[in-house]
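Worksheet: one structure, shown below.
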Amino acid sequence: MSKKVNLTINGFPVEIETGKTILEAADSQGITIPTLCYHKDLCVAGNCRVCIVEVTGQKRLSAACATPCEEGMEILTNSLKVRNSRKHIIELLLTEHNADCTKCYRNGNCELQTLASEYKIMTQDFIELVPLKKYSIDAYSPSIMKDDSKCIRCQRCVRTCAELQGVNALTVAHKGDEMKITTFLEKHMRDVVCTNCGQCINHCPTGALVEKNYIEEVWEAIANPKKHVVVQTAPAVRVGLGEELGLPPGTRVTGKMVAALKRLGFDSVLDTDFTADLTIMEEGTELLTRLKKALVDKDETVDLPMATSCSPGWIKYIEHMYPEYLGNLSTCKSPQQMFGALAKTYYAKARNIEPDNIVSVSIMPCTAKKFEAWRPEMHDSGYRDVDYVLTTRELAILIKQAGLDFEKIEPVKYDRLMGDSTGAGVIFGATGGVMEAALRTVYEIVTGREVPFDNLDITPVRGMEGVREASIKIENPVEDWAFLDGVELKCAVAHGLVNAKTVMESVKSGKADYHFIEFMACPGGCLGGGGQPIPTNPEIRKKRAEAIYAEDSSLTIRKSHENPEVLKLYKDFLKEPLGEVSHHLLHTKYTKRQRY
Amino acid sequence: MQGVVERESFLSEHSMVEIAREIEIPAADVYGTATFYSFLETKPTGKFIIRVCKTITCAMKGKTQVLFAIQDMLKIKMGDTTPDKRFTLLETNCLGWCHKAPAMLVNDDVYTELTPEKVRDILTKYMDKNGNFHN
Ligand code: SF4
Ligand code: SF4
Ligand code: SF4
Ligand code: FES
């Protein structure tokens with residue numbers, strides 16, 4: 001039994017477990033203390049001071065986020081002294097802040113703006129310092145924009161990049177009034193170790209870090225009568241989008257989203273889940289080929305464990321941090337890029353449209369996908385395979401701009417040819433999902449039987465533990481795969497790059513004997529992606545994950561190799577997994593990059 | 001880091017990367033640390049680094065005029081280095097000479113109670129014998 005302490009907040013008695021902060025105690029009573037530098041995903045920094053409260057008997061005000069509750073404390077969260085000090089702190093922040101909210105991307109969803117509006121900061125008692133500052137904007141990355149004039153130096157981004165991602169692309173430089181958040185030598189984001197994961201964007205309370213948006217470009221393409229605009233939607237978007245449009249976290253909006261996309265004017269609304277299933281076919285075959293080479297041909301040059309390659313943040317991370325392991329990456333493109341390459345070849349041919357006239361748009365929970373689409377090797381269709389990548393947040397903006405009432409919209413189905421999805425494709429959106437989908441297919445190819453888990457739910461790979469391991473023993477395989485009899489297939493799953501680092505270090509030290517590892521750059525997998533609605537936090541990720549698995553269970557077909565449109569694609573176009581056409585369109589190579 | 005600066009006068013990109021590799025910390029953090037300290041330069045500097053105190057006491061005692069005099073004489077702005085790589089002009093935090101403000105450093109030598117006239121004399125001493133900076 002955990003020990004409790006008794007205290008009062010605003011005169012009312014409160015009992016709470018020891019070790020909890022004043023902020024948590026207040027929250028348990030339904031009292032919100034404003035915060036800026038605090039975020040549930042991160043360790044406490046206590047640098048912004050807006051969460052100050054009065055503790056009776058103490059002269060100085062205390063930061064609620066950083067002060068643990070003590071027996072007998074008498075806390076005031078809304079005394080005159082607290083209110084006035086807090087107001088001054090906000091006012092001081094604003095003197096250094098380029099607060100042109102109407103022209104700001106975060107207008108309407110900004111923690112600083114909300115605070116200023118709650119405290120009705122309408123006058124200006126301090127000198128405006130913005131004109132004196134030499135603020136700069138970095139808009140050179142295809143994924144991220146950084147505007148120092150909007151930065152309140154709360155350092156949530158720095159902690160995110162270090163604690164969740166282990167990348168440390170961002171740092172605090174200089175001091176005093178010149179202190180700023182920047183990169184190594186103040187280089188542009190595109191020229192440093194940044195993986196474009198966008199977690200810093202998702203954790204930034206203001207408009208200082210935002211995605212590079214392509215909203216106008218997409219509207220223009222839709223308005224151009226010569227262009228046929230196809231759109232694909234990633235698995236995790238359907239469990240996040242609702243939050244931006246007023247629905248509670250964890251609401252599944254697949255059909256409504258498809259209907260909204262049609263009303264926005266997209267010519268064909270298709271599903272990235274379709275190419276997720278295709279990825280499983282290609283990647284599963286690749287894994288089995290590698291295992292065969294290693295076990296039967298005793299080929300020692302085979303790179304095992306094989307690592308998944310669908311998370312572009314993870315790809316850029318390994319290119320920078322572990323370039324000697326690029327051979328371990330599956331050569332499969334991500335589902336987004338497989339889709340792009342097929343849109344301007346297979347789809348164009350089947351629909352009899354000039355590939356030149358196709359504009360291929362994707363809706364992703366991710367900012368790294370913007371960078372991925374921009375990579376020079378992603379032109380295998382002969383054109384740029386994916387023209388524009390929008391985040392879940394940008395799609396919500398399109399829907400709002402078009403004046404669609406999302407709640408009233410009637411759900412419809414995806415268009416044909418590349419719109420079929422299975423439960424296996426859907427779970428790509430959650431950490432462990434690619435592994436689970438792969439096992440459902442690989443096990444069945446090898447043994448002819450379904451995976452030995454209740455209801456196909458491979459629960460050991462599910463959940464939010466940073467690193468998870470699972471193994472599955474292969475017994476009585478079919479003739480072709482007889483050499484795998486008795487082999488225990490060892491797998492691991494890691495999400496959040498700091499956990500990817502842990503797994504890579506154990507691979508490097510020779511401690512790990514995995515065959516197959518799933519890596520996702522973002523905490524929780526794509527459902528917690530850098531392009532998902534803000535806020536994202538542990539509870540919200542949990543709700544989105546539940547929605548993903550509910551969507552999986554709701555589908556009749558739940559195995560990638562049973563996706564009818566994927567089977568048709570192989571019959572009519574690709575012929576076989578890892579075949580010649582696949583090699584050209586669906587596989588890729590990687591680039592060694594500098595760690596520093 | 002101080003060692004590198006003593007040897008090479010500033011921390012180059014190359015040396016910062018080496019430091020990061022050596023002690024296994026992110027390069028960004030090496031840069032962050034270096035910029036925290038006024039005396040760790042991350043840009044190439046001239047032979048003589050002039051550091052003018054930027055603290056309020058010096059400002060009240062006529063630092064601005066002194067600064068104008070230096071800028072006018074060397075024809076460079078704050079943060080710049082003369083084309084012949086002889087002087088670099090920088091600001092620094094309090095030098096601890098407030099009682100004799102305004103103060104500046106030229107490399108390791110302190111000069112206090114500066115006036116525009118005084119500063120001209122001092123800098124003339126540092127100019128090269130061939131009279132590169134006569135006006
Ligand atoms: S960051 Fe927030 S407060 Fe600042 S301009 Fe943007 S919306 Fe306004
Ligand atoms: S960029 Fe955003 S998260 Fe980072 S310090 Fe500035 S305001 Fe905070
Ligand atoms: S996008 Fe990711 S890797 Fe890049 S700075 Fe932000 S958190 Fe770090
Ligand atoms: S939220 Fe407590 S100090 Fe910033």
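Protein chains get the first letters and strands the later ones, always in sequence-line order, with residue 1 at the start of each.
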K180(A) portion near chain B, given a 4.5 angstrom heavy-atom threshold: neither

pair D29(B)-F184(A): side-chain heavy atoms closer than 4.5 Å: no

Considering all heavy atoms, the nearest F36(B)-H174(A) contact: CD1-O, 4.0 Å

Flag if over 12 foreign heavy atoms under 6.0 Å of CG, L132(A): yes

Within 6.0 Å of CD in Q594(A), more than 12 heavy atoms from elsewhere: no

Where at least one partner belongs to residues 98-109 of chain B, residue pairs that pass salt bridge (charged side-chain N to carboxylate O under 4.0 Å, His left out), sequence neighbours excluded: none

Residues, nucleotides or ligands: over 12 heavy atoms within 6.0 Å of F68(B) CZ: no

Charged N-O contact under 4.0 Å between R595(A) and E24(B): no

Minimal non-hydrogen separation, A28(B) against A169(A), with atom names: CB-O, 3.7 Å

Part of E178(A) lying under 4.5 Å from any heavy atom of chain B: side chain

Nearest-0.5 Å distance that lies between atom CG in L185(A) and atom CE in M16(B): 4.0 Å

Value rounded to 0.5 Å, distance of OG1 in T35(B) from NZ in K175(A): 9.0 Å

E22(B) atom CD, neighbour heavy-atom count above 12 within 6.0 Å: no

H14(B) atom NE2, neighbour heavy-atom count above 12 within 6.0 Å: no

From CA spacing to verdict: side-chain contact (heavy atoms from CB on, under 4.5 Å), T182(A), Y31(B): CA-CA 9 Å; T182(A) 188; Y31(B) 179 73; 4.1 Å; yes

Side-chain donor-acceptor pairs under 3.5 Å in residues 188-200 of chain A, sequence neighbours left out?
| unit_1 | atom_1 | unit_2 | atom_2 | d |
| --- | --- | --- | --- | --- |
| R190(A) | NH1 | Y140(A) | O | 3.3 |
| T195(A) | OG1 | C197(A) | N | 3.3 |
| Q199(A) | NE2 | G528(A) | O | 2.8 |

